[in-house]
Engineer: 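Please read through the structure below; I'll follow up with questions.
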Amino acid sequence: MKNRYRHIILAATLILALVVGFAAIVNAQSIPQGIDDDAFYSFDQPISNITEYDPDKMPFFFGNNITTSLDMDTTPMFFGNQVAITGNYANDVVVFANTVTVDANIEGNLYMFCSSATISGTVGGDVFNASAVCHQTPSSAVGANLIAFAQDVQVLGNVQNNAYLMCEIARISGSVGRNIQGAIDQLTVEDSAKVGGFIKYQSDSDPVLAGNAASIPLTRIPLAIHQESAGEKAKGIIMPALGLGVAALLIYLLFAGCAPCAAQKLGENLKSRFAAAFGLGCAVLIGMPILSIFALLISARLGFALLLLYGFLIAASMFITLIAILMAVIANKNWPAFKRLLAIALMGLAAGLLLEVPVLGGILGFLILVMGLGLPICLMLKPRKRFGLPGEGEQAGPQTSKGETPA
């Protein structure tokens, strides 16, 4: 029993170690001067004013209230409650915080994930904002596009290219060089607004246009509620299932042609090492994103490579599990090639239909995902032999029958 579940125990230990390690990094303590001895900056003072940057450290800043005035040619990342950014930045800037104020000169892009964001400086590239409130002051300038997912957006400054807005309330009184597009519940365009192109958005509410704003080309697309017919609902379920069946058929052909032994071992592991595959799959599902965060602290390329690999494994997990089930079913059976191809296509179709069933589809999808992640690892882990080991009832060396001597 211990051998049977050793992989689950190891996977749980690995996940726990990764979680504890990540928590230790986030809650790292700093020395009294405010800058720690690790590879990044961490601040435990109520207010931390950063005026110097050590190039030997990674540009990750953790703290409660952070105020910066830096000249940097790398990409800094700020994690805090209230972050105020000033200075000059030759690359992108990334901020995760509750409240963000940017009054800096940023030559690259600005990425903000926060509750409230205020932009008063200059951004040479795009501004990507995901927050409740996004306020661009009259003194601000965006050199490329403004992309905002928010509840309240105010564009009072200058946007050189396009403004893509997904929000409940939008107020435009500044300048947009090209077009304004998106989905806006309540749109207000002031008399001082200048739009070089057109305004096209989805909404059920009429816009409020003041003065000269009425001359701006504007198209409002009503959010019509479309009631699907029974035929459309059936088509929406059957077509993805058919696509899944065809994809499963093509990937099985790839497996059968390039790695027939691997396909056969997938089926063997599904039958003999189900618990181990399930435990390893859970470890990969939970542990690999955490491992990718650690890798990002070391190397951005390594971290993104791990995330890309993780996405590929997620996408391939469905087909890996289906192939394993097929090989487990036809083990020791001499099925012709046509019958195998038909079986894998029907399995893909059936899986696609079952995934649409409420509750059952979610459970089945989770099992397929976890097994698809764990089975490839089982192929790389050699199982421990339970019988035939020296000292366990058998002697090492060639087997001989009674009356015969070894050659």
Side-chain angles (χ1 to χ4, degrees), residues 4-5 7-12 14-15 228 230-256 259 262-290 307-333 335 339-381 383:
R4 181 178 179 83
Y5 295 104
H7 294 300
I8 299 179
I9 297 173
L10 289 174
L14 176 62
I15 294 171
E228 287 186 334
E232 290 175 331
K233 290 181 180 179
K235 183 178 179 181
I237 295 175
I238 294 175
M239 293 305 294
L242 287 174
L244 183 59
V246 173
L249 175 62
L250 296 176
I251 293 179
Y252 172 74
L253 288 174
L254 180 65
F255 255 89
Q264 183 179 357
K265 289 181 179 179
L266 284 175
E268 295 174 357
N269 285 323
L270 181 64
K271 292 194 298 183
S272 62
R273 306 175 70 187
F274 183 88
F278 183 84
L280 291 170
C282 290
V284 174
L285 182 64
I286 300 174
M288 197 164 180
I290 301 175
L307 289 175
L308 184 63
L309 176 61
Y310 182 66
F312 172 78
L313 292 175
I314 293 289
S317 61
M318 167 73 73
F319 307 106
I320 292 174
T321 304
L322 292 179
I323 292 173
I325 294 173
L326 175 65
M327 300 309 295
V329 170
I330 67 174
N332 303 322
K333 296 179 182 178
W335 280 20
K339 192 174 181 180
R340 297 188 180 196
L341 297 178
L342 180 61
I344 192 67
L346 292 177
M347 287 173 59
L349 175 62
L353 295 175
L354 289 175
L355 289 175
E356 296 293 334
V357 179
V359 182
L360 176 63
I363 297 174
L364 180 63
F366 175 75
L367 290 175
I368 290 176
L369 172 63
V370 170
M371 296 305 297
L373 293 174
L375 285 171
I377 301 180
C378 284
L379 292 181
M380 297 181 288
L381 296 177

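The first residue of the sequence shown is numbered 1, and numbering continues consecutively from there.
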Engineer: Quick check against the 3.5 Å criterion: does Thr321 have a side-chain atom that pairs as donor or acceptor with the backbone of Ile368?
Structural biologist: yes

Engineer: Nearest 0.5 angstrom please: Ser317 OG to Leu369 CG, how far?
Structural biologist: 4.5 Å

Engineer: Looking only at heavy atoms, which two atoms of Leu326 and Ala343 are closest? And how far apart?
Structural biologist: CD1-CB, 3.7 Å

Engineer: Taking atom CG of Leu309 and atom CZ of Phe312, what is their separation to the nearest 0.5 Å?
Structural biologist: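 Result: 8.0 Å between the selected atoms.
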
Engineer: How far apart are the closest heavy atoms of Ala277 and Met371, and which atoms are they?
Structural biologist: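 Shortest heavy-atom separation between Ala277 and Met371 comes out as CB-CE, 3.6 Å.
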
Engineer: If I compare all heavy atoms of Leu280 with all of Cys378, which pair ends up nearest, and what's the gap?
Structural biologist: CD1-SG, 3.9 Å

Engineer: Taking the side chain as C-beta and beyond, is there a heavy-atom pair between Met347 and Val329 under 4.5 Å?
Structural biologist: no

Engineer: For a quick test of reading the model, state the closest non-hydrogen atom pair linking Ala263 to Met327 and the distance between them.
Structural biologist: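 Closest approach of Ala263 to Met327: O-CG, 3.2 Å.
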
Engineer: Holding to side-chain contact (heavy atoms from CB on, under 4.5 Å), I want the full list of residues that pass it with Glu268, two or more places apart in sequence or in another chain.
Structural biologist: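 Counting only residues at least two positions away or on another chain, Glu268 forms a side-chain contact (heavy atoms from CB on, under 4.5 Å) with Gln264, Lys265.
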
Engineer: Kindly compute the distance separating CD1 (Ile325) from CD1 (Ile330), expressed to the nearest 0.5 Å.
Structural biologist: 12.5 Å

Engineer: Go through Leu249 and Arg340 one step at a time and tell me if the side chain to side chain contact (heavy atoms under 4.5 Å, CB included) criterion holds.
Structural biologist: CA-CA 9 Å; Leu249 175 62; Arg340 297 188 180 196; over 6 Å; no

Engineer: Would you please test Met288 and Leu313 for side chain to side chain contact (heavy atoms under 4.5 Å, CB included) and show each step?
Structural biologist: CA-CA 11 Å; Met288 197 164 180; Leu313 292 175; 4.2 Å; yes

Engineer: Could you tell me whether the side chain of Phe319 reaches within less than 4.5 Å of the side chain of Leu244, counting heavy atoms only?
Structural biologist: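 They are in contact (side-chain heavy atoms under 4.5 Å apart), so the answer is yes.
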
Engineer: Side chains of Leu341 and Leu253, heavy atoms from C-beta outward: is any pair under 4.5 Å?
Structural biologist: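 Side chain of Leu341 against side chain of Leu253, heavy atoms only: contact under 4.5 Å found.
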
Engineer: Between atom CG of Leu355 and atom CD1 of Ile237, what is the distance when rounded to the nearest 0.5 Å?
Structural biologist: 11.5 Å

Engineer: Hey, is the main chain of Leu285 close enough, under 3.5 Å, to the side chain of Tyr310 for a donor-acceptor pair?
Structural biologist: yes

Engineer: Compare every heavy atom of Ala248 with every heavy atom of Ile344, then report the nearest pair and how far apart it is.
Structural biologist: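 Looking at all heavy atoms of both residues, the shortest contact is CG1-O, 3.8 Å.
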
Engineer: Could you tell me whether the side chain of Leu367 reaches within less than 4.5 Å of the side chain of Phe278, counting heavy atoms only?
Structural biologist: yes

Engineer: If we only count heavy atoms from C-beta on, is the Leu270 to Leu266 side-chain gap below 4.5 Å?
Structural biologist: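 Sidechains of Leu266 and Leu270: no contact.
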
Engineer: Which atoms form the tightest heavy-atom contact between Gly348 and Leu322, and what is the distance?
Structural biologist: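 The answer is CA-CD1, 3.8 Å.
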
